[in-house]
Amino acid sequence: MSVRELVVLGTASQVPTRHRNHNGYVLLWDGDGILFDPGEGTQRQMLRAGVAAHDLNRICVTHFHGDHSLGLAGVIQRINLDRVPHPVTAHYPASGERFFKRLRYATAYRETVKLVQEPVAGTGAVLAATGSYTLQARRLSHPVESYGYRLVEPDGRRMLPELLAERGIGGPDVGRLMREGAVGGVTLEEVSEVRRGQRFAFVMDTRLCDGVHELAEGCDMLVIESTFLDEDESLATEHGHLTAGQAARVAARAGVRHLVLTHFSQRYDDPSVFERQAREAGFTGELTVARDLLRVPVPKRR
């Protein structure tokens, strides 16, 4: 049975608090595991959340500020210590190549796993295409080069039982029709409809920009930073961040089904205010104010 679920490892911005670890998020998607922004302490948070090094297939770093990348050294060494049996691919801003290499070889260890480095440059790109998803990146707006990431599942088809029955298609012929596209003069298009693929986006440190909207468009789940509350919007803009209301308006405009707010400044101690401001901004879909070690299922297909 396929599992599509977000595991939240940490939700703090800049510095950890007593209740929030540095950033870290694992998306489990049909047997693949994608680790986003491993901040300091990620290896321990993975242990607490029940995520193993063997679960990881990709690492996606949005940018090279410490709260999003200092955990790389420990995670990479753990992947090698545990002798993960498959290659692991790392995506990160090409401008931060020197930071990635320093973190990869921060201390002595024995390399046992193939770690493939695939940096991102320019305005963004399609990074990978598997049978289960296409991974894309888009440039964001932050004081250092930063990228957001988006997964798009290929569209499929949903069979319509009443139309199958009308045309006398049943049993093994249904599978044959799906494989071959036509059976006995009946085409697949006549008895099915497009099943839209699921979409997931991960947007961290950024001001409002085109990349934010492009990543969020039509997402079933959007994980997005809301470092500041709306009354501190000028600070958010100055430091290259979003407020809860800004993030919610992006999600509402994009038709997001499940909005996950995270990356909270230590200056705020009441998470409920982020939810209130997001609702006041007009977002009416499913809403989660993230906390450490939370598991959030990706919504079922429409």
Side-chain angles (χ1 to χ4, degrees), residues 5-28 33-84 88-93 96 98-111 113 115 142 144 146-149 202-206 223-228 239-241 260-269 271 274 288-296:
E5 166 180 71
L6 176 73
V7 184
V8 180
L9 304 177
T11 56
S13 72
Q14 194 170 41
V15 296
T17 71
R18 291 184 179 182
H19 305 290
R20 295 187 183 278
N21 197 74
H22 266 160
N23 285 280
Y25 311 82
V26 175
L27 178 65
L28 301 175
I34 304 174
L35 171 62
F36 295 95
D37 279 7
E40 188 177 352
T42 291
Q43 184 181 176
R44 183 170 183 271
Q45 292 296 96
M46 287 172 57
L47 179 65
R48 296 181 69 198
V51 177
H54 283 65
D55 295 326
L56 303 182
N57 300 86
R58 295 184 188 274
I59 302 172
C60 294
V61 178
T62 59
H63 66 291
F64 283 100
H65 278 155
D67 55 327
H68 296 260
S69 60
L70 281 175
L72 269 170
V75 170
I76 289 173
Q77 292 191 27
R78 184 59 180 269
I79 288 169
N80 284 275
L81 178 66
D82 289 1
R83 296 177 179 270
V84 169
V88 176
T89 303
H91 305 286
Y92 53 88
R98 65 193 187 280
F99 300 125
F100 185 88
K101 287 183 177 178
R102 289 172 188 169
L103 289 163
R104 180 175 180 177
Y105 298 112
T107 65
Y109 67 98
R110 182 181 178 188
E111 291 188 273
V113 176
L115 181 63
H142 197 53
V144 300
S146 183
Y147 289 88
Y149 296 93
F202 184 81
V203 177
M204 281 295 120
D205 297 20
T206 183
V223 181
I224 188 168
E225 70 124 310
S226 57
T227 309
F228 291 94
H239 294 288
H241 288 290
V260 180
L261 299 178
T262 188
H263 194 268
F264 307 112
S265 169
Q266 63 176 326
R267 71 186 62 215
Y268 310 116
D269 55 12
F274 287 87
T288 297
V289 177
R291 64 179 187 275
D292 290 15
L293 306 182
L294 183 68
R295 287 178 174 260
V296 189

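When reading the values below, keep in mind they use all heavy atoms of this one structure, side chains included, and skip hydrogens, waters and symmetry mates. Residue numbers count from 1 along this sequence.
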*Does Arg267 have any salt bridge (charged side-chain N to carboxylate O under 4.0 Å, His left out) partners at least two apart in sequence or in another chain, and if so, which?*
none

*Which atom names give the shortest non-hydrogen contact between Asn23 and Ala12, and what distance separates them?*
ND2-O, 3.1 Å

_So that I know where these two stand, are Phe274 and Tyr268 an aromatic pair - ring centroids less than 6.0 Å apart?_
yes

*salt bridge (charged side-chain N to carboxylate O under 4.0 Å, His left out) involving Arg78 - partner list, sequence neighbours excluded*: Asp82

*asked:* So for atom NE2, which belongs to His19, do other residues, nucleotides or ligands contribute more than 12 heavy atoms lying within a distance under 6.0 Å?
replied: no

*Considering all heavy atoms of both residues, which atom of Thr17 and which atom of Gln266 are nearest to each other, and what is their separation?*
CG2-CB, 4.0 Å

*Quick one: do the Gln77 and Thr107 side chains pair a donor with an acceptor below 3.5 Å?*
yes

*Any side-chain heavy atom of Leu261 within less than 4.5 Å of one from Thr288?*
no

*With sequence neighbours excluded, residues passing side-chain contact (heavy atoms from CB on, under 4.5 Å) with Phe99*: Phe64, Arg102

*Using side-chain contact (heavy atoms from CB on, under 4.5 Å) as the criterion, list what pairs up with Leu115, not counting sequence neighbours.*
Ile76, Val88, Ala90, Phe100, Arg104

*Results of ring-ring contact (aromatic ring centres under 6.0 Å, His included) for Tyr109 - residues two or more places apart only*: none

*asked:* With a sphere of 6.0 Å drawn around CZ of Arg295, does it hold more than 12 non-hydrogen atoms of other residues, nucleotides or ligands?
replied: yes

*asked:* Can you tell me how the ring of Phe36 sits relative to the ring of Tyr149, calling it parallel under 30°, perpendicular over 60° and tilted otherwise?
replied: tilted

*Under the side-chain contact (heavy atoms from CB on, under 4.5 Å) test, which residues partner Leu70, sequence neighbours left out?*
Glu40, Leu103

*With sequence neighbours excluded, tell me which residues meet ring-ring contact (aromatic ring centres under 6.0 Å, His included) with His263.*
His68, His241

*asked:* Give me each pair satisfying salt bridge (Lys or Arg N to Asp or Glu O under 4.0 Å) with a member in residues 45-60, each pair once, sequence neighbours excluded.
replied: none

*For Ala290, what residues pass the side-chain contact (heavy atoms from CB on, under 4.5 Å) criterion, not counting sequence neighbours?*
Val8, Thr11, Val260, Thr262

*How close do Asp205 and Ser146 get, heavy atom to heavy atom, and via which atoms?*
O-OG, 3.5 Å

_Qualifying residues under ring-ring contact (aromatic ring centres under 6.0 Å, His included), relative to Tyr25, sequence neighbours excluded_ = Phe202

*asked:* Tell me the closest heavy-atom pair linking Pro38 and Val61, and the distance in Å.
replied: CD-CG2, 4.3 Å

_Checking Gln14 now: which residues fulfil side chain to side chain donor-acceptor pair (under 3.5 Å) with it, not counting sequence neighbours?_
none

*Could you pull out all residues at least two apart from His22 that satisfy ring-ring contact (aromatic ring centres under 6.0 Å, His included)?*
none

_Min side-chain heavy-atom separation Leu56-Val75 under 4.5 Å_ = yes

*Might you work through the ring-ring contact (aromatic ring centres under 6.0 Å, His included) test for His142 and His239, ending with a clear yes or no?*
CA-CA 7 Å; His142 197 53; His239 294 288; 9.4 Å; no

